[in-house]
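To keep things clear, I will list the structure first and then write my remarks on it.
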Amino acid sequence: MSQTTIARPPALPSAAPRQLAVRANLRQAYDLAFTGALGALFGLYLYVECVHAESVYVRDLLAGLLIGGSMGIFLNAYGPLRDGSRLKLMRAIALGAPAAALGGAAGLVAGEVVIGLFRGGLMGRAMSWAVLGLGIGLGQGLADRSRDRLVLGLIGGGLGGFIGGFLFEWLRVALGDRHDLGQAAGIVTMGAGLGLCLALVEQALRRAWVQILNGRQEGRIYLLTHGRSRLGLDERAEVGLFGDATVMRQHAEIESAPDGFRLNSLAAAGSTRVNGKAVGAPQPLKDGDRIELGRTVLVFRQR
């Protein structure tokens with residue numbers, strides 16, 4: 001019986017993974033900053049058009065729901081939209097947006113208490129919006145259903161909210177206390193700062209990840225935050241590999257173990273390789289290992 005021969009991917013220069021990592025980090029930081037700003041601006045638009053309550057607490061509650069929910073939708077949709085995964089997009093919005101909306105509402109209401117304790121000012125605004133950021137970061141973790149992502153989201157969201165709130169108040173004062181212009185500029189700055197901090201915190205604190213080195217998704221980074229991370233064409237896979245017909249729906253999985261990470265092949269013999277060698281039994285992974293699934297090449301990274 002003849003065996004199907006899978007074309008080997010082209011050799012990559014040794015500097016390619018490092019260069020791709022730098023470009024991917026910069027792109028993620030820019031994309032999430034832009035996405036966060038856009039989500040915050042859209043939420044502000046909904047607030048201005050829809051909310052006319054007189055009570056400051058009711059206004060804050062509704063503002064938090066709309067701005068937090070909008071940012072939750074935009075930020076959680078970034079990854080699935082980039083991958084073209086409709087299933088992940090629907091799941092991210094269904095899980096992340098409500099959590100971000102509720103967190104945003106609680107954050108802004110609690111923020112009024114915080115501002116009162118600080119008697120206003122830059123620190124008062126910064127601390128109050130840090131609470132808003134925590135709520136939005138909570139939505140990031142819940143959307144991914146990952147404890148590690150939850151921790152990263154809370155740290156990035158809290159830090160981003162603090163910086164954004166500080167700049168919001170500074171801009172409001174610098175623009176002559178013009179409420180309309182200062183509010184818009186401050187909200188956009190807060191959204192951009194929160195998205196940027198989410199990206200930077202993830203990049204600084206991530207523990208293990210894989211990066212795609214070729215093909216349609218070149219440069220894409222996936223965090224390995226689950227006990228078992230599946231790799232393949234399946235939209236439900238934690239590491240979705242699209243655009244390569246030689247990759248199976250459930251091609252392989254990376255398993256987290258007490259002694260490190262290992263790769264389990266779920267595909268036909270010879271179609272999964274590590275550093276050029278076919279994988280049969282579970283293969284322990286070390287930082288820098290090159291994983292080949294069909295014609296798609298990934299690099300495994302670990303701190």
Side-chain angles (χ1 to χ4, degrees), residues 3-32 34-35 74-93 143-144 146 149 199 202-203 206 208-226 228-254 261 263-279 283 285 288-301:
Q3 293 184 347
T4 302
T5 302
I6 297 176
R8 297 293 299 274
L12 298 173
S14 58
R18 292 192 294 271
Q19 294 170 352
L20 280 176
V22 171
R23 291 202 297 267
N25 288 339
L26 290 174
R27 175 177 177 178
Q28 183 194 34
Y30 171 82
D31 286 352
L32 285 184
F34 179 78
T35 302
F74 277 66
L75 289 169
N76 286 312
Y78 162 73
L81 281 176
R82 182 177 174 185
D83 293 340
S85 174
R86 290 176 294 178
L87 183 62
K88 281 187 176 181
L89 176 63
M90 291 187 291
R91 187 176 68 185
I93 292 177
D144 195 56
S146 162
R149 179 77 76 171
E202 177 183 304
Q203 293 168 17
R206 60 194 177 195
W209 66 98
V210 292
Q211 182 173 27
I212 302 176
L213 301 183
N214 66 341
R216 194 180 85 184
Q217 294 173 276
E218 181 179 284
R220 182 76 162 94
I221 290 175
Y222 289 94
L223 300 189
L224 303 176
T225 57
H226 298 268
R228 293 178 183 270
S229 297
R230 297 164 296 171
L231 299 84
L233 288 174
D234 193 337
E235 285 195 43
R236 293 169 295 182
E238 285 74 22
V239 181
L241 304 174
F242 308 114
D244 182 354
T246 64
V247 173
M248 298 181 61
R249 288 179 58 81
Q250 300 284 341
H251 199 111
E253 67 177 13
I254 295 178
F261 290 82
L263 178 73
N264 303 316
S265 178
L266 306 176
S271 62
T272 303
R273 296 174 293 276
V274 174
N275 299 326
K277 297 181 180 180
V279 173
Q283 172 69 43
L285 294 172
D289 278 348
R290 172 173 159 150
I291 302 170
E292 300 171 20
L293 307 180
R295 288 192 293 267
T296 298
V297 184
L298 308 90
V299 62
F300 170 77
R301 299 305 310 271

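Every heavy atom of this structure was used, including side-chain atoms; hydrogens, water molecules and symmetry mates were not.
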* Considering residues at least two apart in sequence or located in another chain, which fulfil the salt bridge (charged side-chain N to carboxylate O under 4.0 Å, His left out) criterion with Arg86? -> none

* Asked: So, the side chain of Gln211 versus the backbone of Gly219: is there a donor-acceptor pair under 3.5 Å, distance only?
  -> yes

* Structure fact -> Distance col, row Leu241:CG vs Arg220:CZ, nearest 0.5 angstrom, shows 10.5 Å

* To do: Enter the distance from Ser265:OG to His251:NE2 here, rounded to the nearest 0.5 Å.
  => 5.5 Å

* How far apart are the C-alpha atoms of Val239 and Ile254, what are their side-chain angles, what is the distance that settles it, and do they pass the side chain to side chain contact (heavy atoms under 4.5 Å, CB included) test? -> CA-CA 10 Å; Val239 181; Ile254 295 178; over 6 Å; no

* Residues forming a side-chain contact (heavy atoms from CB on, under 4.5 Å) with Leu81, sequence neighbours excluded -> Ala77, Leu89

* To do: Could you go through the side chain to side chain contact (heavy atoms under 4.5 Å, CB included) check for Glu202 and Arg149 one step at a time?
  => CA-CA 8 Å; Glu202 177 183 304; Arg149 179 77 76 171; 2.5 Å; yes

* Structure fact -> Taken in chain and number order and not counting sequence neighbours, the residues that satisfy side chain to side chain donor-acceptor pair (under 3.5 Å) with Gln203 are Gln28

* **Pair listing, salt bridge (Lys or Arg N to Asp or Glu O under 4.0 Å) test, anchored in residues 229-240, at least two apart** => Arg230-Glu238, Asp234-Arg236, Asp234-Arg249

* side chain to side chain donor-acceptor pair (under 3.5 Å) involving Thr225 - partner list, sequence neighbours excluded -> Asp144, Ser146

* side chain to side chain donor-acceptor pair (under 3.5 Å) involving Arg27 - partner list, sequence neighbours excluded -> Asp31

* Contacts of Phe261 that satisfy ring pair (Phe, Tyr, Trp, His ring centres under 6.0 Å) - sequence neighbours left out -> Phe300

* Asked: Which residues satisfy the side-chain contact (heavy atoms from CB on, under 4.5 Å) test with Asp244, sequence neighbours excluded?
  -> Thr246, Val247, Arg295, Thr296

* Checking side-chain contact (heavy atoms from CB on, under 4.5 Å) against Glu218, which of Leu20, Leu213, Val297 comes through? -> Leu20

* With sequence neighbours excluded, residues passing side-chain contact (heavy atoms from CB on, under 4.5 Å) with Arg91 -> Lys88, Leu95, Arg145

* State which residues pass side chain to side chain donor-acceptor pair (under 3.5 Å) with Asn25; sequence neighbours excluded, sorted by chain then number. => Arg206

* **Arg228/Asn264 under side chain to side chain contact (heavy atoms under 4.5 Å, CB included): CA gap, chis, key distance, verdict** => CA-CA 10 Å; Arg228 293 178 183 270; Asn264 303 316; 3.9 Å; yes

